[in-house]
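One structure is given here, and the rest of the page talks about it.
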Amino acid sequence: MDINATLFGQMITFAVFVWFTMKFIWPHITQAMSEREKKIADGIAAADKAQRELELAHTKAADHIRESKSQAAEIVDQANQRVNRMIDDAKEQARQEGEVIVASANQEIDNQRQKAVNELKSHTAELAITVAEKVLGKQIDKKTQASLVDEIISKV
Amino acid sequence: MSRAQAPMTSTEYVQHHLHHWVLNLKTMTFDEAGGFMSFNLDTILIAVFMGFITLFFLRRVAVKATSGVPGKVQNLVEIVFEFVNKSSSEVFHGRNPMVAPLALTLFLWIFMLNFMDLVPVDLLPKVFGFFGVGHFKAVATADLNQTFAMSLSIFVLSIYYNFKVKGKELAVEVATKPFESKGMIGKIILAPVNFVFRILEEVIRPVSLSLRLFGNLFAGELIFILIALMPWWMQWVLGIPWTIFHVLIILIQAFIFMMLSVVYLSMAHESH
């Protein structure tokens with residue numbers, strides 16, 4: 001139980017052990033541990049970031065959908081308006097064309113009527129003359145005849 | 001009983017177990033006449049052997065240490081490292097890369113040496129007895145040389161750091177703490193008292209540090225020896241409870257030694 005030279009021997013042993021631990025053991029393991037800590041922290045940070053990005057993407061997608069919906073409604077509106085305009089245009093055009101047709105038909109009718117009147121007039125003169133000849137049984141002179149006819153015709 | 005073939009009285013048996021295997025450095029023979037110039041071979045052998053096993057194991061883990069998913073062994077080592085690192089960094093606030101490895105070495109070495117206390121008291125003496133070794137004391141921490149070797153190393157380190165870190169402040173600290181005075185005369189009167197107190201404080205630290213560990217382990221070993229003297233059926237009745245209790249003690253003593261060493265080193269670094 002006495003103190004002897006073992007004391008110094010063990011002090012040296014202790015110093016060597018501490019030196020060895022400090023040099024060859026402690027740094028390796030603590031480095032591995034702190035590296036892992038960093039990895040885990042990075043992983044958690046990345047997960048948080050991904051979560052935030054996901055939320056951002058969600059809101060972005062919702063925005064996109066809303067925008068698309070309003071665009072679609074706008075397009076439908078525009079199409080409707082265009083259809084209405086086209087229908088209106090077609091109606092107008094049809095009306096105008098109808099008017100033109102009616103106008104030309106009226107014109108034609110007038111023309112035909114005038115033609116008929118003229119024809120009738122000429123035929124009437126001949127008819128009258130013929131009737132008169134038949135009635136009178138004689139040839140009146142052409143000059144008198146013609147003026148007589150004209151007189152009659154103008155009265156028709 | 002295992003000691004039946006060697007007829008001894010109880011006293012002889014106990015004394016036999018309290019003797020070291022001593023190498024006389026003057027004559028290089030195995031006798032106890034060397035006085036101070038002798039080695040306790042059993043203490044040195046066990047301490048160096050256990051230290052080598054521990055460091056070899058740790059070195060193997062350290063070389064293979066990965067920052068990825070650790071294996072079971074690395075996990076266990078990391079738990080110990082984390083525990084020691086946390087305990088020492090809670091107490092020690094300075095920047096010294098030596099403190100934490102020192103604490104780890106102390107903790108594991110003392111634990112391994114204390115653990116020899118749980119090896120049956122007659123086993124190693126019998127094994128070495130086959131090779132002609134007369135006495136063998138397996139518990140190195142129940143040898144004052146071992147505990148003082150560690151506590152004096154801490155003492156030397158703390159004195160070194162006191163001078164290195166504090167420099168001139170140390171003189172002021174030694175002269176003005178723990179008794180303080182506002183007046184000049186009071187300061188002059190109290191300075192020698194403070195000086196004596198400081199010296200006592202510093203000297204008592206390694207003594208109490210080593211005697212605490214030594215006392216616990218020596219007493220534990222002695223009780224194991226006394227239990228071994230009892231009839232065979234008492235070995236279990238008393239031996240098992242004491243062994244279970246001692247598992248706690250060897251761990252706590254290793255932890256206390258480590259923590260106090262860190263505290264002393266921390267005091268050497270900080271002006272209080």
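A, B, ... follow the sequence lines: proteins, then strands. Residue 1 opens every chain.
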Side chain from CB out, backbone as N, CA, C, O: work out which of these in B:A100 comes under 4.5 Å of a heavy atom of chain A, or both, or neither. both
Considering all heavy atoms of both residues, which atom of A:T6 and which atom of B:N40 are nearest to each other, and what is their separation? OG1-N, 2.7 Å
Would you indicate whether B:F36, at its atom CZ, is surrounded by more than 12 heavy atoms from other residues, nucleotides or ligands within a distance under 6.0 Å? yes
Heavy atoms of other groups near B:F83 CZ, more than 12 under 6.0 Å: yes
Over 60° means perpendicular and under 30° means parallel, so tell me whether B:W109 and A:F14 are parallel, tilted or perpendicular. parallel
Quick check on the interface: out of A:M33, A:Q31, A:R36, A:E35, who has the most heavy-atom pairs with chain B under 4.5 Å? A:R36
Exceeds 12 heavy-atom contacts within 6.0 angstrom, atom CZ of B:F115: no
Chain A contact via B:T66 - which portion, at a heavy-atom distance below 4.5 Å: backbone
Rounded distance [0.5 Å steps], CG in A:L7 versus OG1 in B:T147: 9.0 Å
Over all heavy atoms of both residues, which pair between A:Q10 and B:I44 is shortest? Give the atoms and the distance, please. OE1-CG1, 3.7 Å
Whatever's closer than 4.5 Å to a heavy atom in chain A on B:E82 counts as both
Heavy atoms only, distances under 4.5 angstrom: which of B:S153, B:A47, B:S38, B:A140 has the most pairs with chain A? Name it, please. B:S38
Considering only heavy atoms and a distance below 4.5 Å, find which of B:V77, B:L106, B:V22 pairs most often with chain A. B:L106
CD1 (A:I3) and CZ (B:F148) are apart, to the nearest 0.5 Å, by 5.5 Å
In terms of heavy-atom contacts, B:A149 and A:M11 come closest through O-CG, 3.2 Å
To the nearest 0.5 Å, atom CG of B:N85 lies from atom OG1 of A:T30 at 7.5 Å
Do you know which two heavy atoms are closest between A:I29 and B:L58, and how far apart they sit? CD1-O, 4.3 Å
Determine, stepwise, if the pair B:L102 / A:M22 fulfils side chain to side chain contact (heavy atoms under 4.5 Å, CB included). CA-CA 7 Å; B:L102 180 119; A:M22 195 171 106; over 6 Å; no
Identify the heavy atoms of B:L55 and A:T21 that sit nearest to each other, and give their distance. CD2-OG1, 3.5 Å
Could you give the distance from CZ (A:F17) to CE (B:M150), rounded to the nearest 0.5 Å? 11.5 Å
Within residues 61-71 of chain A, residues adjacent to chain B where the heavy-atom gap is under 4.5 Å: none
What is the ring orientation for B:F81 with A:W26, classed by angle as parallel under 30°, tilted 30 to 60°, or perpendicular over 60°? parallel
Would you confirm whether B:N145, through its side chain, and A:N4, through its main-chain N or O, come within 3.5 Å as a donor-acceptor pair? yes
Below 4.5 Å from any heavy atom of chain A, which atoms of B:L41 appear? Answer side chain, backbone, both or neither. neither
